[in-house]
Amino acid sequence: MMSVSVVRYQRKKRIGDASSPNIYVLKQKPGTSKVHTIEMIASDIETIGSLSQEDVTHVMKAFVRRMKKVLVEGNRVKVDGLGTFYITLKCPGVETEKDCVVKNIAKVNLRFMVDNGLRLANSSTATTRSGDNNIDFVIDSGVAGTGNTGGTTPTDPTNPTDPTTPGGDDDDPNG
């Protein structure tokens, strides 16, 4: 089993509050995750099944197109063993019913609720050590500032207010 590298970051307990105390949090080491495309996944499926990579790719792309259509209609998509995709709305509250109109919807969000069968677990705290959904995490001590080397703590890559932040959420395909 492969281990996921994590690093320690120091940030404010309440982000944006300069008087808030500093805390340390763990985040996946930047640059250690890869984006897998439909074609890459289809190639993996081809090696263990009887369908060609092209057939799997076609089915997956058709699934994505249909899923978009179902979601645009306001419905949910439940993928057994994975989870449920659904939409939510961001709309400011107004004082009167007549002022509550569709134009007030500021944002439509796509949400995902993980299926209970997919929930991942930290293998160091899991009750079943050899579970399929267990992840091994390892603190990468080769990065300056992880707390193990005595260096300075790197900036938080998810803090958009820090001008020295390299990359930030733009590097994360999951937002």
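- Taking the side chain as every heavy atom from C-beta outward, Ile45 and Leu51 never approach each other to under 4.5 Å.
- Every pair passing salt bridge (charged side-chain N to carboxylate O under 4.0 Å, His left out) that includes a residue from residues 52-65 is listed here, sequence neighbours excluded: Glu39-Lys61.
- Put simply, Leu110 and Val77 are part of the same group of oily side chains (I, L, V, M, F, W, Y) that touch within less than 4.5 Å, one to the next.
- You'll find the side chain of Val4 stays beyond 4.5 Å of the side chain of Asp136, heavy atoms only.
- In this structure, the side chains of Pro30 and Val7 come closer than 4.5 Å at one or more pairs of heavy atoms.
- Residues Leu118 and Met67 fall within the same hydrophobic cluster, defined by Ile, Leu, Val, Met, Phe, Trp and Tyr side chains chained together at heavy-atom separations under 4.5 Å.
- Screening residues 90-102 for salt bridge (charged side-chain N to carboxylate O under 4.0 Å, His left out) gives no qualifying pairs among residues at least two apart or on separate chains.
- Remark: Lys68 engages no residue in a side chain to side chain donor-acceptor pair (under 3.5 Å) (not counting sequence neighbours).
- Hydrophobic clustering of Ile, Leu, Val, Met, Phe, Trp and Tyr side chains at less than 4.5 Å, counting indirect connections, unites Ile87 with Val102.
- To the nearest 0.5 angstrom, Ile105 atom CD1 is 6.0 Å from Cys91 atom SG.
- The ring-ring contact (aromatic ring centres under 6.0 Å, His included) analysis of residues 60-84, with sequence neighbours excluded, yields no pairs.
- The two atoms that bring Lys69 and Arg66 nearest to each other are CD-NH1, 3.0 Å, heavy atoms only.
- With sequence neighbours left out, the salt bridge (Lys or Arg N to Asp or Glu O under 4.0 Å) criterion links Glu46 to no other residue.
- Judged as a ring-ring contact (aromatic ring centres under 6.0 Å, His included), the pairs with a partner in residues 66-119 (not counting sequence neighbours) are, in order, Phe85-Phe112.
- By the side-chain contact (heavy atoms from CB on, under 4.5 Å) test, Asn75 is found to be paired with Val70, Glu73, residues two or more places apart in sequence or in another chain being considered.
- A donor-acceptor contact shorter than 3.5 Å is absent between the side chain of Thr57 and the backbone of Ala42.
- Among Arg8, Gln28, Lys29, the one residue that satisfies the side-chain hydrogen bond (donor to acceptor under 3.5 Å, both in side chains) test with Asp140 is Lys29.
- Residues Ile139 and Leu26 are in side-chain contact: their nearest non-hydrogen atoms beyond the backbone lie under 4.5 Å apart.
- Residue Val138 shares its hydrophobic cluster (ILVMFWY side chains chained together at separations under 4.5 Å) with no other residue.
- The salt bridge (charged side-chain N to carboxylate O under 4.0 Å, His left out) analysis of residues 101-112, with sequence neighbours excluded, yields no pairs.
- In this structure, the side chain to side chain donor-acceptor pair (under 3.5 Å) partners of Ser19, at least two apart in sequence or on a different chain, are Asp17.
- Linking Ile, Leu, Val, Met, Phe, Trp and Tyr residues whenever their side-chain heavy atoms come within less than 4.5 Å places Ile23 and Tyr9 in a single cluster.
- A ring-ring contact (aromatic ring centres under 6.0 Å, His included) check over residues 33-61, counting only residues at least two apart or in different chains, returns nothing.
- Remark: Asn22 pairs with Gln10, Lys12 by the side-chain contact (heavy atoms from CB on, under 4.5 Å) rule, at least two apart or across chains.
- The CD atom of Gln53 sits 11.5 Å away from atom CD1 of Ile38, with the distance rounded to the nearest 0.5 Å.
- Listed for the Ser20 side chain is a donor-acceptor partner under 3.5 Å among the backbone atoms of Arg14.
- When hydrophobic clusters are built by joining Ile, Leu, Val, Met, Phe, Trp and Tyr residues whose side-chain heavy atoms come closer than 4.5 Å, directly or via intermediates, Val114 is not grouped with Ile135.
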